[in-house]
Amino acid sequence: MIDKMGGAVFLDPEVEAMVLAFFCLLTTLLISFMIWLLLICLRVDSVIDWHWRNVFIPVWIIDILILWASLLNHHDPEQDPLLGQPKSRSYLMFIQTVWMVVFQVLIVLHLDGQIESTVVVFIPYYGFELIQFGYSSWLSWLIRVVQMTCILVQLETMVYSWFVVFFPLYLLGVYYGYKIYAQYTVYAQHPESSEAQQGKLFVMIGMVIYSVFASLFYIVLALIIQRLDGTSHLKMGFVFIPLFVLLVSDAC
């Protein structure tokens with residue numbers, strides 16, 4: 001009977017259309033992001049001499065898709081059928097999306113020399129985080145805000161090494177690693193339970209996946225820090241190789 005019900009669900013044209021639309025959207029976002037990273041590498045290495053607003057064209061595509069999805073969720077008469085979110089949350093998600101789009105636009109204007117103050121550029125980001133405060137862990141929220149504030153201060157003063165500036169990001173990686181370990185210890189307290197054994201297995205798999213992804217991320221971060229500090233002249237294309245490997249593995 002379950003097989004019949006499962007078959008009926010997957011043969012449902014509406015469900016099939018939703019799944020297809022989701023994967024098409026996800027693929028478009030991933031490809032656009034990879035193209036954007038490639039354009040950044042070419043622009044930073046002076047291979048191309050485009051304005052930054054042209055380099056950010058893939059990001060504009062991503063923004064349009066996210067805004068479109070936010071508008072659909074925003075006009076839902078009841079709530080998001082997938083996430084089960086009330087309309088009040090849908091309104092806030094739409095406002096957050098707008099804040100991030102404005103933040104990206106100001107970054108481009110700053111990079112193209114049309115806005116000098118980096119403080120003005122970061123105002124939309126703080127508006128985004130102000131809304132996000134009630135919907136995320138307070139510790140991870142605090143670390144994100146402190147990290148972005150450190151970047152802002154560094155851009156304004158250029159006094160410290162970028163290795164010091166990204167210290168909150170190191171703490172964020174340790175924090176998420178600790179959360180996974182803490183979840184493992186919870187399951188380890190009940191070794192005789194079959195559910196606990198299954199939970200430990202899933203957590204161990206999660207730890208391996210997190211270790212691989214975190215290692216690739218922090219390798220890229222270390223190479224970027226060396227470029228920012230001027231201690232390395234490695235081309236950005238080589239710097240982003242671990243990140244490209246990560247994205248390709250996600251796509252596969």
Side-chain angles (χ1 to χ4, degrees), residues 18-73 82-83 93-112 121-122 124-125 127-129 131-132 136 140 143-144 147-148 151 162 166 169 172-173 176 206 209-228 234-252:
M18 289 179 60
V19 172
L20 180 61
F22 172 76
F23 280 105
C24 287
L25 177 62
L26 186 63
T27 302
T28 303
L29 293 176
L30 186 60
I31 292 175
S32 298
F33 184 68
M34 293 178 65
I35 294 174
W36 177 58
L37 290 180
L38 179 60
L39 291 177
I40 286 180
C41 294
L42 297 176
R43 178 64 175 82
V44 172
D45 292 334
S46 300
V47 177
I48 59 177
D49 192 24
W50 295 2
H51 291 291
W52 282 100
R53 58 178 177 270
N54 297 328
V55 174
F56 271 70
I57 287 177
V59 177
W60 306 142
I61 296 174
I62 295 174
D63 289 338
I64 291 172
L65 293 174
I66 294 177
L67 280 173
W68 172 70
S70 300
L71 284 172
L72 290 180
N73 191 26
L82 296 178
L83 302 178
M93 287 181 62
F94 176 74
I95 296 173
Q96 283 182 298
T97 304
V98 173
W99 273 125
M100 290 307 296
V101 171
V102 174
F103 181 45
Q104 295 163 13
V105 171
L106 292 179
I107 289 176
V108 170
L109 293 176
H110 178 71
L111 291 174
D112 281 336
V121 173
F122 275 71
Y125 171 78
F128 168 85
E129 288 292 0
I131 299 174
Q132 188 66 23
S136 62
S140 62
I143 294 176
R144 288 199 312 268
Q147 176 61 82
M148 294 301 290
I151 293 175
W162 283 97
F166 283 104
L169 200 55
L172 190 62
Y176 284 123
I209 295 175
Y210 176 77
S211 300
V212 172
F213 279 50
S215 299
L216 290 173
F217 173 79
Y218 284 105
I219 288 173
V220 173
L221 180 62
L223 295 174
I224 291 176
I225 289 174
Q226 290 182 349
R227 277 294 302 260
L228 291 173
L234 192 66
K235 289 186 176 296
M236 289 300 296
F238 293 103
V239 170
F240 279 116
I241 284 178
L243 188 56
F244 284 124
V245 171
L246 183 62
L247 292 173
V248 170
S249 64
D250 287 341
C252 296

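Numbering of residues begins at 1 and proceeds along the displayed sequence. What you are looking at is a predicted structure, and each value in this text was computed from that prediction instead of being measured.
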Contact check, side chains of L216 and V220, non-hydrogen atoms, under 4.5 Å: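 A side-chain contact under 4.5 Å is absent here.
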
Q147: side-chain hydrogen bond (donor to acceptor under 3.5 Å, both in side chains) partners, not counting sequence neighbours: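 Once residues adjacent in sequence are excluded, Q147 has no partner under the side-chain hydrogen bond (donor to acceptor under 3.5 Å, both in side chains) criterion.
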
Minimum heavy-atom distance I61-S32, with the two atoms named: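 Nearest pair, atom of I61 first, then S32: CG2-OG, 3.9 Å.
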
Gap separating the CD1 atom of I241 from the CG atom of L234, nearest 0.5 angstrom: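 Reported value, rounded in 0.5 Å steps: 8.0 Å.
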
Test log, rule side chain to side chain contact (heavy atoms under 4.5 Å, CB included), inputs I107 and H110: CA-CA 5 Å; I107 289 176; H110 178 71; 5.7 Å; no

Shortest non-hydrogen contact between F240 and C41, atoms and distance: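 Here F240 and C41 meet closest at CD1-SG, 3.1 Å.
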
Heavy-atom closest pair, residues W50 and R43: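 That would be O-NE, 2.7 Å.
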
Passing candidate, side-chain contact (heavy atoms from CB on, under 4.5 Å) with L39, options V44, V55, N54: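 Result for side-chain contact (heavy atoms from CB on, under 4.5 Å) with L39: V55.
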
Nearest heavy-atom neighbours spanning V59 and Q104: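 Taking V59 first and Q104 second, the nearest heavy atoms are CG1-OE1, 3.2 Å.
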
CG on L228 to CZ on F166, rounded to 0.5 Å: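 The distance works out to 6.5 Å.
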
Reported CZ-to-CG distance for the pair R144 and L169, which is rounded to 0.5 angstrom: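 Spacing of CZ (R144) from CG (L169) equals 11.5 Å.
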
Interatomic spacing from CH2 in W162 to CG in L221 - rounded to 0.5 Å: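 Rounded to the nearest 0.5 Å, the CH2-CG separation comes out at 11.0 Å.
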
G237 versus D45, closest heavy-atom pair with distance: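 Of all heavy-atom pairs spanning G237 and D45, the closest is N-OD2, 3.6 Å.
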
Any L67 side-chain heavy atom under 4.5 Å of V98 side chain: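 Yes, their side chains come closer than 4.5 Å.
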
Donor-acceptor contact present, side-chain W36 to main-chain W60, <3.5 Å: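 Answer holds: no.
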
Side-chain donor or acceptor of Y176 paired with backbone N/O of Y210 under 3.5 Å: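 No, Y176 side chain to Y210 backbone: no donor-acceptor pair under 3.5 Å.
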
With L109 via side-chain contact (heavy atoms from CB on, under 4.5 Å) - residues at least two apart: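 If we apply the side-chain contact (heavy atoms from CB on, under 4.5 Å) test to L109, skipping adjacent residues, the hits are V105, L106, Q114, I115.
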
Rounded distance (nearest 0.5 Å) linking atom CZ of R227 with atom CZ of F238: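 Going from CZ on R227 over to CZ on F238, the span is 11.5 Å.
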
Interatomic distance, L29 atom CG to C24 atom SG [nearest 0.5 angstrom]: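 So the CG of L29 and the SG of C24 are separated by 11.0 Å.
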
